[in-house]
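Along the sequence shown, residues carry numbers from 1. We count ligands from 1, going down the list as the structure has it; atoms in each ligand are counted the same way.
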Amino acid sequence: MSKPTTGPFEKTPGWLDWYAGPSKPQFVLPPDSVDAHCHVFGPGARFPYAPERKYTPCDASREQLFALRDHLGFTRNVIVQATCHGADNRALLDALEHSDDRARGVATVRRSVTDQELQDMHRAGVRGVRFNFVKRLVDFTPKDELLEIAARIAPLGWHVVIYFEAVDLPELWDFFTSLPTTVVVDHMGRPDVSKPVDGPEFELFLRFMREHPNVWSKVSCPERLSVSGPPALDGERNAYRDVVPFARKVVESFPDRVLWGTDWPHPNLKNHMPDDGLLVDFIPHIAVTPELQRKLLVENPNRLYWPDEIEGG
Ligand SMILES: O=C(O)/C=C(\CC(=O)C(=O)O)C(=O)O
């Protein structure tokens, strides 16, 4: 893979660039595996970062993303709009349009989006919108605006991706459970993994999934959630051990509603940048049988993002 660059923008101080030259995973991904959570950033010279952004990243182009996909052994990507591009989805759409139908997208839209724009996004491969509740990343959007958007994208067969911190789930519960679509949670609702896996905080998240069969979860981002590591660096193939019980619990409790993604290029990590090859080697620790691995990496994401290809779908 080529090396990270930055365009005309100045990166946020302390920004960690994505890892150039990741290792080859030891874990061989099953055929047709999908990296179901990743981003493109810019390049800023072509797709400027949004004025309202809370961070300025290092560029991460579609070519670099697709090179990583091939290097790791994935077949497809789900590219999620990141907040540094606000509701300007041009970089995302450009990536989808140049993916050979090997990528789908999750966009960010405002209530001002037109029906024509939604149709065009659908044609390009967008299949969902993301509602972000992480306060360091976005300004507050009123719930009535989000509900209006959800009602407009539901007839397209799209879903809603939600990103929030575990402590905020009680307050957001009624809103989340009123959404009319499939709801996909980013990174297991960001549990505090220094708390017990069978404690009340994570139990609330499990209850959220148990009681609401339309709720799915990405069991991604151990590098973001881990407190005690060890990091996926220097050949470590047993990384982020403190996250394993949480992700494994979700995979085993809801095998048909889980997704996994690299989260490349890993925005806003503060302490290290993982080697993405070693991150893939995290997967067999949380999906411990070939059947669970196939559901997580192949069947579930393809059912959600490429349903037309599934017989009878
Ligand atoms: O990439 C992620 O999933 C997580 C992010 C960034 C993000 O969501 C965004 O900018 O939209 C984070 O926790 O900073």
Side-chain angles (χ1 to χ4, degrees), residues 4 9 11-19 34-42 44 47-60 64-65 68 77-92 95 103-110 126 128-141 146 159-169 172 183-193 216-227 232 240 243 246-247 258-274 276 279 282 301:
F9 289 87
K11 290 183 282 189
T12 298
W15 186 265
L16 296 182
D17 295 350
W18 45 271
Y19 192 97
V34 181
D35 175 354
H37 186 95
C38 51
H39 309 287
V40 286
F41 293 156
F47 302 110
Y49 299 111
E52 72 272 25
R53 69 189 180 281
K54 308 287 185 209
Y55 63 88
T56 307
C58 153
D59 288 338
Q64 289 160 332
L65 174 65
L68 180 72
N77 296 110
V78 179
I79 308 175
V80 176
Q81 174 78 351
T83 54
C84 55
H85 280 296
D88 176 350
N89 296 287
R90 281 177 297 166
L92 167 66
R104 293 286 184 257
V106 175
T108 297
V109 301
R110 311 263 180 255
V126 172
V129 291
R130 191 180 195 209
F131 296 165
N132 199 321
F133 299 90
V134 177
K135 295 175 184 97
R136 73 185 153 79
L137 290 172
V138 284
D139 298 322
F140 176 78
T141 306
L146 297 177
H159 57 270
V160 175
V161 172
I162 52 176
Y163 189 28
F164 60 93
E165 314 253 9
V167 287
D168 296 323
L169 180 57
L172 291 163
V183 172
V184 181
V185 179
D186 277 344
H187 321 327
M188 302 184 283
R190 291 196 60 121
D192 177 347
V193 301
W216 294 42
S217 179
K218 293 177 199 163
V219 288
S220 42
C221 263
E223 72 286 6
R224 205 176 278 290
L225 302 174
S226 182
V227 177
Y240 313 122
V243 184
F246 291 80
V258 284
L259 302 170
W260 194 85
T262 55
D263 195 34
W264 188 88
H266 311 285
N268 299 313
L269 290 186
K270 297 283 178 251
N271 135 311
H272 72 285
M273 185 52 59
D276 293 281
L279 203 51
F282 176 77

**Q** Before you tell me yes or no, could you show the steps for W15 and Y55 under ring-ring contact (aromatic ring centres under 6.0 Å, His included), namely the whole-Å CA-CA distance, both residues' side-chain angles and the distance that decides it to 0.1 Å?
**A** CA-CA 9 Å; W15 186 265; Y55 63 88; 5.4 Å; yes

**Q** Measure H266 to ligand 1 on non-hydrogen atoms and call it side chain, backbone, both or neither using the 4.0 Å cut-off.
**A**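 For H266, there is no contact with ligand 1 at all, from either part.
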
**Q** Tell me which one of H272, H39, E223 satisfies side chain to side chain donor-acceptor pair (under 3.5 Å) with H266.
**A**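 Only one option passes, and that is E223.
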
**Q** Quick one: look at T83 and ligand 1, take heavy-atom pairs under 4.0 Å, and tell me if it's side chain, backbone, both or neither.
**A**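 Answer for T83: both.
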
**Q** Which heavy atom of R136 sits nearest to which heavy atom of N268, and what is that distance?
**A**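 That would be NH1-ND2, 3.7 Å.
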
**Q** Which atoms of ligand 1 sit under 4.0 Å from any heavy atom of H37?
**A**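 Every atom of ligand 1 under 4.0 Å from some heavy atom of H37: 1 (O), 2 (C), 3 (O).
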
**Q** State the atoms of ligand 1, each with its element, that fall below the 4.0 Å cut-off from a heavy-atom position in Y55.
**A**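 Result: 9 (C), 10 (O).
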
**Q** Any idea which atoms of ligand 1 are less than 4.0 Å away from a heavy-atom of H39?
**A**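 Listed by number with element: 1 (O), 2 (C), 3 (O).
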
**Q** Considering both backbone and side-chain atoms of D186, is one of its nitrogen or oxygen atoms within less than 3.5 Å of a nitrogen or oxygen in ligand 1?
**A**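 No; every N/O pair is 3.5 Å or more apart.
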
**Q** Are F47 and H85 close enough, and set up right, to give a ring-ring contact (aromatic ring centres under 6.0 Å, His included), and what steps lead you there?
**A** CA-CA 8 Å; F47 302 110; H85 280 296; 7.3 Å; no

**Q** Short list, please: which atoms of ligand 1 are under 4.0 Å from a heavy atom of H187?
**A**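 Counting from 1, the qualifying ligand atoms are 2 (C), 3 (O).
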
**Q** Could you tell me whether K218 and D263 have a side-chain N and a carboxylate O separated by less than 4.0 Å?
**A**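 Here K218 does not pair with D263 in a salt bridge, since their nearest N and O are not under 4.0 Å apart.
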
**Q** Under a heavy-atom criterion of less than 4.0 Å, does R130 contact ligand 1?
**A**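 The answer is yes, since R130 has a heavy atom less than 4.0 Å from ligand 1.
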
**Q** Is the shortest distance from a Lys or Arg side-chain nitrogen in R110 or E52 to a carboxylate oxygen in the other one below 4.0 Å?
**A**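 Between E52 and R110 there is a salt bridge, with a charged N closer than 4.0 Å to a carboxylate O.
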
**Q** Between the side chains of D35 and T262, does any donor sit under 3.5 Å from an acceptor?
**A**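 Their side chains do contain a donor-acceptor pair, which is all the 3.5 Å distance test asks for.
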
**Q** Considering the heavy atoms of L137, write down every atom of ligand 1 situated less than 4.0 Å from one of them.
**A**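 Per the distance check, 6 (C), 7 (C), 8 (O), 10 (O), 12 (C), 14 (O).
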
**Q** Give me the nearest non-hydrogen protein atom to atom 13 (O) of ligand 1 as residue plus atom name, then the distance to 0.1 Å.
**A**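 For atom 13 (O) of ligand 1, the nearest protein heavy atom is Y163 OH, 2.6 Å.
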
**Q** Is it the side chain (CB and beyond), the backbone, both or neither of R190 that lies under 4.0 Å from ligand 1, heavy atoms counted?
**A**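 Side chain only.
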
**Q** For atom 2 (C) of ligand 1, what's the nearest protein heavy-atom neighbour? Residue, atom name and distance, please.
**A**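 Going atom by atom, the protein heavy atom closest to atom 2 (C) of ligand 1 ends up being D263 OD1, 3.3 Å.
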
**Q** Where the closest heavy atom to atom 14 (O) of ligand 1 is concerned, which of N132, N268, V134 has it?
**A**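 Going through N132, N268, V134 one by one, N268 has the nearest heavy atom to atom 14 (O) of ligand 1.
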
**Q** Indicate whether any N or O donor in one side chain lies under 3.5 Å from an N or O acceptor in the other, for S220 and H187.
**A**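 There is such a pair (donor and acceptor under 3.5 Å, judged by atom type) between the side chains of S220 and H187.
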
**Q** Please report which non-hydrogen protein atom sits nearest to atom 6 (C) of ligand 1, along with the residue it belongs to and the distance in Å to one decimal place.
**A**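 Heavy-atom neighbour on the protein nearest atom 6 (C) of ligand 1: P267 CG, 3.5 Å.
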
**Q** Would you say R190 and Y163 are linked by a side-chain donor-acceptor pair, where the criterion is simply a distance under 3.5 Å?
**A**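 Present: a donor and an acceptor within the cut-off.
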
